[in-house]
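Computed from a predicted model, the values in this text were never measured in an experiment. Residue numbering restarts at 1 for every chain, and letters A, B, ... go by the order of the sequence lines. Values reported hereafter were calculated over all heavy atoms of this structure, with side chains retained and with hydrogens, waters and symmetry mates removed.
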Amino acid sequence: MSNREVADLLAAASAAYKIKDEQKNKFRSIAYDRASAAIEHLGSEVKDFWDDGKLEDVPGIGPNIAKHLDEIFKTGKSKHFNKVFLGVPPSVFEFLKITGVGPKKAIKLAKELNIKSSKGAIKRLSKSAKSGKIAEIERFGEGSQKVIAKSIKEHEARPKERMLISQAENIARDVVGWVSENKSVEKIEVLGSLRRRASTVGDIDIAVATKNPESILDHFIEYPNKTRTLGKGPHKASIVLPNNIQVDLMATENDSFGSLLQHFTGSKHHNIALREIAQKKGLSLSEYGIKGINNLKFKIKNFKDEESFYKSLALSWIPPELREDAGEIEAAKANKLPDLLKLSDIKADLQIHSDFDIETSHDIGDSSMVEIAKKAEKLGYQYIGFTEHNPSQRGHNERKVIELIKKKREAINRVNTKIKIFNSMEVDILPDGKLAIGDKALGELDFALVSIHSSFAQSRQSMTARVLSALSHPKVKIFAHPTARRINKREGVELDWTKIFEFCRENNRWIEINAEPTRLDLPDYLVREAVKAGVTLTLGTDSHHVRSLENMRYGVDVARRGWAERKDIINARTLVEFEKVLKGGE
DNA sequence: GCCGTTTTCGGCCCGACTGTTTTCAGTCG
């Protein structure tokens, strides 16, 4: 069972408790919700925790939930959950997928409309909305009926998919441009997961400092590209853009903008953890500031910036990338936050494809070596690696491959540049773990990257053996886009990361953080594990065009979210240092 | 059902917005 499936199961149990218990035991429902969220945000597989008998190490999972999950992992069934779901029509869990419908409304709809089966439940609900039956239900009405009909349409049109960070940036830039046309904007910032630099973004959150929130919100909901307005109050409004993209805007006075930044940046779990800390100190936290819980004389305290906000809780300022309630609050308390990698630390790009025709069966780049070298100089790099794909296996014996590599070296030598260019190559890891070019050809390279481009579905065990076999060759230094995932398109391969990380640490192999926005691979949660394991990482843009060299910042985002510091990154080292490691390696 | 730097019992984050009523429950972030 995947983390997603376990999280869904626990969330369904939470909903079932809400329906059955009424107010009697609402904290049990909350506990299941928290356990569900904990697993959803868990870095590693919850099944691995179970394998090690450490389910209760997951915060939010206690003896009871652990016992129930144990039964599921062992037998695939659970008497407990069957009992929890008993008496709740399966249609309810379909209805919960619709925005605006929670457990209470879902059960009412199921009962009053007599829709019990999950099969076709949403279709039948849609019919009931059209025939006006929903409006007849007590405490529903014409308004609710309309909203439900609209939400069903959106649900059916496109299941909500998270955007790539690069897409979200573009959309946010447009909306910010529009809102900024209003003259009462004093400050405007994009917050939420985009500010935390998450690899994918769900909703776009924008905060505005202003003396006139009403005028801002009125202007905001007139955004020309919107498909509808979800809601609008005195401080907040939400609109929907094409492809079901939601944009939330919140406006406040300048003197509490710091609190607003903090609140709207999240993450939700980070904020909840902060509020729990505040509560123990007799304080209450909100987007408006901090106030006393039982002390009416204690006036709300405003914060102009985030530093003073965190300081008032005896915490050092926490970089947004770390705000996931994954240990950053404890580290801030102990003044032990990492000194995160910065874009300006990067001295090289170690995955670039030029237009040199290496006669590969994969794709080649669009830009010349000269263009790329010039751009790299502009970015302040000291060295780069050209890593075109290996020549196609068909029609190239080793002699021909060597010829091509030599020809490429001559081309590199003709580039007039101050930076050092390494003659490298991205070599396929074949299904059996062998490399796509021979030993002598590999010997001609300065170093090689290896990566998986076929047979993605191998078992964890054989995939791990396959990769370790490829990494064992002395010329291989980099394991590129290691999970081979394509965001929203292809899941990553299964690997025993503990073994991979250990091998790389012991044998001086570097694991890539591929900065291409559709990959961002190694993913942030595995970067965190790699850093903990003492593995050295490398950043590469996988550029096939000169302008993609700018994507390096997305790779830096991922590194930062994985708590990586300058010392963890090979291409944050100077050329002299890099060459020393390259030689000393093997 | 979970959890502990005042607790193994007694708490459990905070506020906005909507629709339906007329003071609030439900949902969301």
query: Nearest of B/dG1, B/dG29, B/dC12 to any side-chain atom of A/D203?
result: B/dG29
field: Verify stack between A/F27 ring and B/dC2 base, 5.5 Å, 30 degrees
entry: no
message: Output the rounded distance in Å from NZ (A/K105) to C1' (B/dG19).
response: 7 Å
query: A/T99 side chain: which of B/dC28, B/dT27, B/dC2 is closest?
result: B/dC28
query: If the C1' atom of B/dG29 is compared with that of B/dT23, how far apart are they to the nearest Å?
result: 24 Å
message: Does A/F264 reach a base, just sugar-phosphate, or nothing at all? Heavy atoms under 4.0 Å.
response: nothing
statement: A/F140 atom CZ is separated from B/dA25 atom P, nearest whole Å, by 16 Å
field: Spacing of the P atoms in B/dC14 and B/dT21 (rounded, Å)
entry: 31 Å
- prompt: A/P234 side chain: which of B/dC24, B/dG15, B/dC17 is closest?
  reply: B/dC17
- prompt: What nucleotide among B/dC28, B/dT27, B/dA16 has an atom nearest to a side-chain atom of A/K236?
  reply: B/dA16
message: Please classify the nucleic acid contact of A/I272 as base, sugar-phosphate, or nothing, using heavy-atom distances under 4.0 Å.
response: base
message: Checking base pairs now: Watson-Crick or wobble, both atom distances under 3.5 Å. What partners B/dT8?
response: none
query: The side chain of A/N64 lies closest to which of these nucleotides: B/dG1, B/dG15, B/dT20?
result: B/dG1
field: From A/V84, A/N64, A/L9, A/I65, residue fulfilling side-chain contact (heavy atoms from CB on, under 4.5 Å) relative to A/Y32
entry: A/I65
query: Contact class for A/S284 (heavy atom, under 4.0 Å): base, sugar-phosphate, or nothing?
result: sugar-phosphate
message: Does B/dT5 have its OP1 or OP2 closer than 4.0 Å to a side-chain nitrogen or oxygen of A/K281?
response: no
